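Please read the structure below before turning to the comments.
We name chains A, B, ... by the order of the sequence lines, and we start the count at 1 in each one. As the structure is a prediction and not an experimental result, all values here were calculated from the model.
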There are 2 protein chains.
Amino acid sequence: MNKEITIYDIAKDLGVSPTTVSRALNDHPAVNTKTKQRIFEAADQMGYRSNVFASNLRRKSTNNIGIIVPRLNSSFQSSVLAGMEKVANEAGFNLIISQSLESYEKEKANARSMFNSRVDGLLVSLAGNTEKTEHFQAFMDKGIPVLFFDRVASQTGCTGVIIDNRQAGYNATKHLIQQGCKHIVHVLGNLNINVYAERLKGYKYALMDHDIAFSQDNVIHSDLNEEAGEDIAKKIMAMKPMPDGLFVSNDACAASCIRSLKQAGIAIPGDIAVVGFNNDVISRLIEPNLTTTHYPGYEMGEVAMKNLINHLSDSTEGVLQNTNTITLRSELIIRDSSLKKKSEA
Amino acid sequence: MNKEITIYDIAKDLGVSPTTVSRALNDHPAVNTKTKQRIFEAADQMGYRSNVFASNLRRKSTNNIGIIVPRLNSSFQSSVLAGMEKVANEAGFNLIISQSLESYEKEKANARSMFNSRVDGLLVSLAGNTEKTEHFQAFMDKGIPVLFFDRVASQTGCTGVIIDNRQAGYNATKHLIQQGCKHIVHVLGNLNINVYAERLKGYKYALMDHDIAFSQDNVIHSDLNEEAGEDIAKKIMAMKPMPDGLFVSNDACAASCIRSLKQAGIAIPGDIAVVGFNNDVISRLIEPNLTTTHYPGYEMGEVAMKNLINHLSDSTEGVLQNTNTITLRSELIIRDSSLKKKSEA
DNA sequence: CTGAAAGCGCTAACAC
DNA sequence: GTGTTAGCGCTTTCAG
């Protein structure tokens, strides 16, 4: 393993001081263009690579941004990550990514590790059972920006990038009502997660605004995964007056639910109109095509990362901190799975 | 922003030397248990956090592993990442992740950046248009292990974790033949990518072994995404004797293709039997359910990461380098989309 | 425009 | 079992 070459080697070789080399390599303006040129060439030719640690150690800043997501293998989350990576990469930041697997304990451990790795900023989408956010306090105390996306913590003073889940839930429900549904079941995930809690509110409000009584019996809690779809279908078929509308907080689950219902001979949307959430690929392929809410994952990633990086590079620290919430546009996409009437909503 | 506290502070506070503190914190055996205890308590109470850079600078090793994938927002890749993250996290490594967006140039830039970040090891799934692998030479020269997964470079001496794509292609094709198909079209991606090249070989061999003539006209090159499915459907319907079998190298694309064909009134599998690849969620939801090859993404991630970490911790450097290829089991999952006969293959 | 010198916080010899 | 010392490679005053 041949030895790493340092700015000292270059300096010696060229008969200048290490300081000058350092400055040249960092494109400092106060260095003669010619000297710079020579230094760059030498560095290149000698196979020099900067030692990030020495530099970090001195500057007390990494170029690393930490990201904690509930799961990496989720189509929504991976879109978000893709958007984040693009922006970060272009701005010269590295991404350190970890997953909480929906566990508060793991999230805490990951946050700790990010903290020790001295990330310049942190982007978080909270785990399902996270209730407190003390594990991010250390970051705030040190002035390291923490920004939440999608699954946000409202208590903290941190910025969050979200969609208006309440409105989206409202719109989805209203659409079903307008299609003539009177008895609408809502399937959702952990209510601890703002996303589901808000959609539920939207669902309730929409019912209320259209004089339909809300009943806890029409709310089904679920893991919202593929397997859960079957259970949900069973539950629905077991309901005494079978519902005529179904609003599931996730496309994959809605799709698997539709499959089970169809297998049992129930017509979609004839017997039950179904609305999903996320606008996953699957919503366009299942039959009938699934009405859903377009959820801009990639853009959310871009916006969150841009915002974080702005915070970092903004010398007037804290000024932008006032931005509390950035809400992205989401949109109900109406397809066949919910169209009982020919007229669109 | 309050000052960071260091081992010196702890040392002073406790009247011991920084060395002892350092040793204690690293759980060095040659430190009195009592002293250790005291140091841990002090560290905890003073809010100490280790400075990774100083440590890295000294030790000349990070605990970072770099990962370069073609795209983050791919269901297969995100499964792989999830598997990798799990293993790495448990072993105390951080993941620095970037995407090449299928571009050789970006892959090169990302590799360079990983190199400068001094990752301890690198995991790569190659971009579509990557033909040379010189950009990883720097790693090899420095003895930094590079391990490829899924999309591997055969030329290098690096280990690769893959599935037997040729065999999988062979099995898929053979299955179609056994279902009575005589005219089978194969849809694939960039032939530059081993994965597609190998599957094509498998397809050819299967035809040959069953005395069906191979024709270039039956091979369709595609981006294999959702939109491409429609084009493919058009192309197929335009073929003079319409094919009776279709082997698409990706589920999402196969599914969208099935949808288009069905819309045009073509019966699946009656008129055309279809086989996909990947065992994506979608294969279980499309109608008819899609015959496909189970592609163990999560396991691939786990295996690749475990292997890399073994390389790293193995003091007998290079010994395990001899492992050239690790092949995971993949398996044809037969569903309705290809079942022309009642008897299974 | 350039350089000398100090130090970021940690660890690894080497001593005791 | 503990301490002394030196130095990892860089950046940053401060002084020319």
Side-chain angles (χ1 to χ4, degrees), chain A residues 1-40 42-43 46-64 92 115-120 142 315, chain B residues 1-40 42-43 46-64 92 115-120 142 315:
Chain A
M1 214 155 312
N2 38 47
K3 218 170 111 270
E4 235 13 279
I5 94 129
T6 74
I7 53 170
Y8 287 91
D9 300 323
I10 302 180
K12 206 170 292 170
D13 234 55
L14 260 50
V16 295
S17 81
T19 315
T20 306
V21 177
S22 169
R23 286 209 261 253
L25 259 19
N26 287 312
D27 214 18
H28 191 109
V31 177
N32 189 313
T33 324
K34 279 226 171 114
T35 327
K36 238 183 226 175
Q37 189 63 27
R38 281 173 59 220
I39 292 176
F40 271 120
M46 297 170 75
Y48 167 80
R49 64 168 172 164
S50 144
N51 185 324
V52 206
F53 307 126
S55 164
N56 285 343
L57 177 57
R58 238 354 270 255
R59 290 183 302 104
K60 294 172 179 310
S61 111
T62 73
N63 259 330
N64 294 160
F115 186 67
N116 285 329
S117 303
R118 284 177 159 65
V119 291
D120 286 350
K142 282 253 150 35
S315 47
Chain B
M1 213 155 311
N2 38 46
K3 217 168 113 271
E4 237 8 283
I5 93 130
T6 74
I7 51 170
Y8 287 92
D9 299 323
I10 301 181
K12 206 171 295 172
D13 234 54
L14 261 52
V16 295
S17 82
T19 313
T20 306
V21 178
S22 169
R23 286 207 262 253
L25 259 19
N26 288 311
D27 213 20
H28 192 108
V31 177
N32 189 314
T33 324
K34 279 225 171 116
T35 328
K36 239 184 227 174
Q37 189 62 27
R38 282 173 60 221
I39 292 176
F40 271 121
M46 297 170 76
Y48 167 81
R49 65 168 170 163
S50 142
N51 186 325
V52 205
F53 307 127
S55 164
N56 285 343
L57 177 57
R58 228 6 260 257
R59 290 183 304 106
K60 293 172 179 312
S61 109
T62 72
N63 259 330
N64 294 160
F115 186 66
N116 285 329
S117 302
R118 284 176 161 66
V119 292
D120 286 351
K142 282 253 152 33
S315 48

Any protein N or O atoms within reach of nucleotides 10-14 of chain C? Criterion: under 3.5 Å, listing atom names and distances.
unit_1	atom_1	unit_2	atom_2	d
C/dC10	OP1	B/Tyr48	OH	2.5
C/dC10	OP1	B/Asn51	N	3.4
C/dC10	OP2	B/Ile7	N	2.7
C/dC10	N4	B/Tyr8	OH	2.6
C/dT11	OP1	B/Asn26	ND2	3.4
C/dT11	OP2	B/Ser22	OG	2.6
C/dT11	O2	B/Arg58	NH1	2.3
C/dA12	O4'	B/Arg58	NH2	3.2
C/dA12	N6	B/Thr19	OG1	3.2

Give me the first and last nucleotide of DNA chain D, going 5' to 3', that has any atom under 4.0 Å from a heavy atom of chain B.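 Counting from the 5' end, contacts occupy D/dG1 to D/dG9.
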
Distance in angstrom units between A/Lys60 NZ and C/dG7 P, rounded: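 A/Lys60 atom NZ is separated from C/dG7 atom P by 13 Å.
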
How long is the line joining CG of B/Asp9 and C1' of C/dC8, in whole Å?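 Distance, rounded to whole Å: 13 Å.
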
Mind checking what makes side-chain hydrogen bond (donor to acceptor under 3.5 Å, both in side chains) contact with [X], not counting sequence neighbours?
X        : answer
A/Arg118 : B/Glu4
A/Asn63  : none
A/Thr62  : A/Asp120

With DNA chain D as reference, determine whether B/Gly15 or B/Leu57 sits nearer its 5' end, using the nearest nucleotide of each.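 The answer here is B/Gly15.
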
What are the two closest non-hydrogen atoms of [X] and [Y], and how far apart are they?
X       : Y       : result
B/Ala24 : B/Ile39 : CB-CD1, 3.5 Å
A/Ala42 : A/Leu14 : CB-CD1, 3.7 Å
A/Ser22 : A/Ile7  : CB-CD1, 4.2 Å

With sequence neighbours excluded, what pairs up with [X] under the side chain to side chain contact (heavy atoms under 4.5 Å, CB included) test?
X        : value
A/Asn32  : A/Lys34, A/Thr35
B/Ser55  : B/Arg59
B/Asn116 : A/Arg49, B/Arg112
A/Ser50  : A/Tyr48

Does B/Asn51 use its side chain to pair, donor to acceptor, with the backbone of B/Phe53 at less than 3.5 Å?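 Between the backbone of B/Phe53 and the side chain of B/Asn51 there is a qualifying donor-acceptor contact (under 3.5 Å).
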
Quick one: which residue pairs count as a side chain to side chain donor-acceptor pair (under 3.5 Å) with a foot in residues 8-19 of chain A, not counting sequence neighbours? A/Ser17-A/Thr20

Considering just the side-chain nitrogens and oxygens of A/Ser17, establish if one lies under 4.0 Å of OP1 or OP2 belonging to C/dA4. no

Difference in axis direction between the ends of the helix from C/dC1-D/dG16 to C/dC16-D/dG1, five pairs, 10°: 30°

Close approaches to DNA chain C from residues 33-40 of chain A, in residue order (heavy atom, under 4.0 Å):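 Those residues are A/Thr35.
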
Decide yes or no on side chain to side chain contact (heavy atoms under 4.5 Å, CB included) for B/Leu25 and B/Lys36, but give the supporting numbers first. CA-CA 8 Å; B/Leu25 259 19; B/Lys36 239 184 227 174; over 6 Å; no

